[in-house]
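The structure appears right after this line, and notes come after that.
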Amino acid sequence: MPRLDVALERIQRWDAQWSERSNRWLHVRALLRLFRAISWLGNGIFWYALMLAMLVPDPRATALAVLHMVFVGVVCAAAYRMVKSGAARPRPYQALRRVEAGAAPLDAFSFPSGHTLHAVAFTLVALAYWPWLAPLLVPFTVLTAAARIALGLHYPSDVLAGAVLGAGIAAASLAIA
């Protein structure tokens, strides 16, 4: 069985390679604009707008689902802050010479990706109530994750960890709902 330090070294090498490759996409101006826009929307704007939009037609019918999403968002934010402050991992643009920041980060550390964590959790909860939103939410979530890597703000393992944590929180909330 390989030693833990060897496994971590492999993950770090893989993270660095994919971070550098993905960051090259920013040289395509249209992709830079797209990733910045997706990342900005993923700051919460997209999700708050979705929740408000779902309330407008029939607040009585959608209030419980929206409250569920708000609850999941609060739990995700708490989990994210706890893990992120404990890990204190520098961002790729800070640690890798060939990676540039394509956007300003919201906080100091990289692990896990809070954007991806929230996007996965919100998507899974929203789709439990409104499955017809899948053609909008799934691509947005995938683009959010890709944008965070391409913008040099997260390593692929940050995004994977965020997705797993977000899926776990969403699954737990759906199991008790």
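Residues Ile45 and Leu133 fall within the same hydrophobic cluster, defined by Ile, Leu, Val, Met, Phe, Trp and Tyr side chains chained together at heavy-atom separations under 4.5 Å. Hydrophobic clustering (ILVMFWY, side-chain heavy atoms < 4.5 Å, transitive): Leu64 and Val66 are in distinct clusters. Hydrophobic clustering places Trp40 together with Met51 (ILVMFWY residues linked when any side-chain heavy atoms are closer than 4.5 Å, directly or through intermediates). Grouping the Ile, Leu, Val, Met, Phe, Trp and Tyr side chains by contacts below 4.5 angstrom, directly or via other members, places Met54 with Leu136. Leu165 and Val125 fall within a single hydrophobic cluster, where Ile, Leu, Val, Met, Phe, Trp and Tyr are joined by side-chain heavy atoms under 4.5 Å apart, directly or via other members.
Contact detail for Gly152 and Asn23: the closest heavy-atom pair is N-ND2, 3.7 Å. The two residues Met69 and Leu50 make their nearest non-hydrogen contact at CE-CD2, 4.1 Å. Nearest approach of Pro156 to Trp18, heavy atoms of both residues: CG-CB, 3.6 Å. The heavy-atom pair separating Leu127 from Ala134 by the smallest distance is CD2-N, 3.3 Å. In plain terms, the two heavy atoms of Cys76 and His118 that are nearest each other are CB-NE2, 3.5 Å. For Gly102 against Leu26, the heavy-atom pair with the smallest separation is CA-CD1, 3.7 Å.
Summarising the geometry, atom CZ belonging to Arg10 is positioned 11.0 Å from atom CG belonging to Leu8; distances are rounded to the nearest 0.5 Å. Rounded to the nearest 0.5 Å, atoms CG (Leu153) and CD (Gln94) are 9.5 Å apart.
Salt-bridge annotation for Arg3 and Asp5: present, with a side-chain N of the basic residue lying under 4.0 Å from a carboxylate O of the acidic one. With respect to Arg24 and Glu20, no salt bridge is recorded, no charged nitrogen being found less than 4.0 Å from a carboxylate O. A salt bridge links Arg89 with Asp158: the distance from a Lys NZ or Arg NE/NH1/NH2 to an Asp or Glu carboxylate oxygen falls below 4.0 Å.
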Tell me, with the steps shown, if Asn43 and Leu106 meet side-chain contact (heavy atoms from CB on, under 4.5 Å). CA-CA 8 Å; Asn43 286 346; Leu106 294 179; 3.4 Å; yes
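Taking the six-membered ring for Trp, Tyr129 and His68 have ring centres closer than 6.0 Å. Taking the six-membered ring wherever Trp is involved, the centroid distance between the rings of Trp47 and Phe140 falls below 6.0 Å.
A side-chain contact (heavy atoms from CB on, under 4.5 Å) with Val120 holds for exactly one of Leu137, Thr141, Val142, Thr144; it is Thr141. Of the residues listed (Leu160, Leu96, Ile149, Ile11), the one engaging Tyr155 in a side-chain contact (heavy atoms from CB on, under 4.5 Å) is Leu96, and it is the only one.
For Gln17, the CD atom counts as densely surrounded, since its 6.0 Å shell holds more than 12 non-hydrogen atoms of other residues, nucleotides or ligands. Within 6.0 Å of CH2 in Trp130 there are more than 12 heavy atoms belonging to other residues, nucleotides or ligands. Crowding of Arg98 atom CZ: a count of heavy atoms from other residues, nucleotides or ligands under 6.0 Å not exceeding 12.
Listed by chain and number, the residues in a side-chain hydrogen bond (donor to acceptor under 3.5 Å, both in side chains) with Asp107 are Tyr80, Lys84, Arg91 (sequence neighbours excluded).
Of the N and O atoms on the side chains of Arg148 and Thr116, not one donor lies less than 3.5 Å from an acceptor on the other residue.
The closest donor-acceptor contact from the side chain of Ser39 to the backbone of Phe35 lies at 3.5 Å or more, if one exists at all. Side-chain atoms of Ser173 come within 3.5 Å of backbone N or O of Ala170 as a donor-acceptor pair. Looking only at distances, a side-chain donor or acceptor of His154 sits under 3.5 Å from a matching main-chain atom of Ser110.
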